[in-house]
Amino acid sequence: MKYWLAKTEPNTYSWQDLLNEPDKTTSWEGVRNYQVRNAIRDEIKKDDLVFIYHSVVQPMAIMGIAKVVKEAYPDHFAFDPTHKYYDPKSSPDDPTWFMFDIKAMQQFAEPVTLTELKSYAPLQRMGLLQKGNRLSVQRVSPVEWQYIMASRKLINIK
DNA sequence: GCCAACGTTGGC
DNA sequence: GCCAACGTTGGC
């Protein structure tokens, strides 16, 4: 099993939006970066765990944990000319872009802020903290994952 | 609001 | 194939 971190701008789609979904489950579409596409298509597997991170808006922080419930499948939003995620390069016969589904599992009692993450010596090499890192879905090492998990009380979502 | 970092596009 | 121009991301 692998660990991941997915960024989202809460003004567009927030952790609370995920909690409000039927079965706390949503599709993660709209990735239009090839490096992230390759990770989604080739590496993300069912039952992998994902930190959901709020970017741009204060407080920038990891909000909670989701589980991959469906592996990569074609991002059909790329096929719709009226949709903002439309990309004429991608076709149903030969899709360029992929999406996957996640379900919210646990929430941190308090968000784990970017400022706090930066203050932890064991996390200095974490992808999120590297200058210029713009990958919207990225790997988290097991050590980093466990360290962050141990920093907070977790609330199970029912 | 600014701007550094980075990815993509398109002319040559 | 190079690279300037442009667009986007995302922290400050």
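Residue numbering restarts at 1 for every chain, and letters A, B, ... go by the order of the sequence lines.
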Hydrophobic side-chain clustering at under 4.5 Å (ILVMFWY, transitive links): who's grouped with [X]? Put none if nobody.
{"X": "A:Y34", "answer": "A:W97"}
{"X": "A:W15", "answer": "A:W4, A:Y13, A:L18, A:L19, A:W28, A:V31, A:V36, A:I40, A:I44, A:V50, A:I52, A:M63, A:V68, A:F98, A:F100, A:I102, A:L135, A:V137, A:I157"}
{"X": "A:L117", "answer": "A:M1, A:Y3, A:L5, A:L49, A:F51, A:Y53, A:M60, A:I62, A:I65, A:F108, A:V112, A:L114, A:Y120, A:L123, A:M126, A:L128, A:L129, A:V140, A:W145, A:Y147, A:I148, A:M149, A:L154"}

ask   = Between the side chains of A:S27 and A:E29, does any donor sit under 3.5 Å from an acceptor?
value =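 Indeed, the side chains of A:S27 and A:E29 share at least one donor-acceptor pair under 3.5 Å.
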task = Going 5' to 3' through nucleotides 1-10 of chain B, assign each nucleotide B (protein heavy atom under 4.0 Å from a base atom), S (under 4.0 Å only from sugar-phosphate atoms) or - (no protein heavy atom that close).
result = ----BBSSS-
request  = Any salt bridge (charged side-chain N to carboxylate O under 4.0 Å, His left out) involving residues 110-137 of chain A? Give me the pairs, sequence neighbours left out, ordered by first then second residue.
outcome  =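 Applying salt bridge (charged side-chain N to carboxylate O under 4.0 Å, His left out) to every pair that reaches into residues 110-137 of chain A, excluding sequence neighbours, yields A:E116-A:R152.
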key: Those residues that, when tested against A:D48, pass salt bridge (Lys or Arg N to Asp or Glu O under 4.0 Å) (two or more places apart)   =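 Partners of A:D48 by the salt bridge (Lys or Arg N to Asp or Glu O under 4.0 Å) criterion come out as none, since no residue qualifies.
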key: Residue pairs fulfilling side-chain hydrogen bond (donor to acceptor under 3.5 Å, both in side chains) with at least one residue in residues 56-81 of chain A, sequence neighbours excluded   =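 As it turns out, the side-chain hydrogen bond (donor to acceptor under 3.5 Å, both in side chains) pairs with a partner in residues 56-81 of chain A, which skip direct neighbours, are A:R32-A:D75, A:Y73-A:D101, A:D80-A:T82.
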request  = Could you tell me whether the phosphate oxygens of C:dG11, OP1 or OP2, come under 4.0 Å of any side-chain nitrogen or oxygen in A:K7?
outcome  =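 For C:dG11, OP1/OP2 do not have a side-chain N/O of A:K7 under 4.0 Å.
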query = If you look only at pairs with a residue in residues 122-141 of chain A, which of them pass as a ring pair (Phe, Tyr, Trp, His ring centres under 6.0 Å), with sequence neighbours excluded?
reply =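 Ring pair (Phe, Tyr, Trp, His ring centres under 6.0 Å) check on residues 122-141 of chain A returns no pairs.
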Interface residues of residues 48-62 of chain A with DNA chain C (non-hydrogen, below 4.0 angstrom) =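 Residues of residues 48-62 of chain A that come under 4.0 Å of DNA chain C are, in numerical order, A:Y53, A:S55, A:V56, A:M60.
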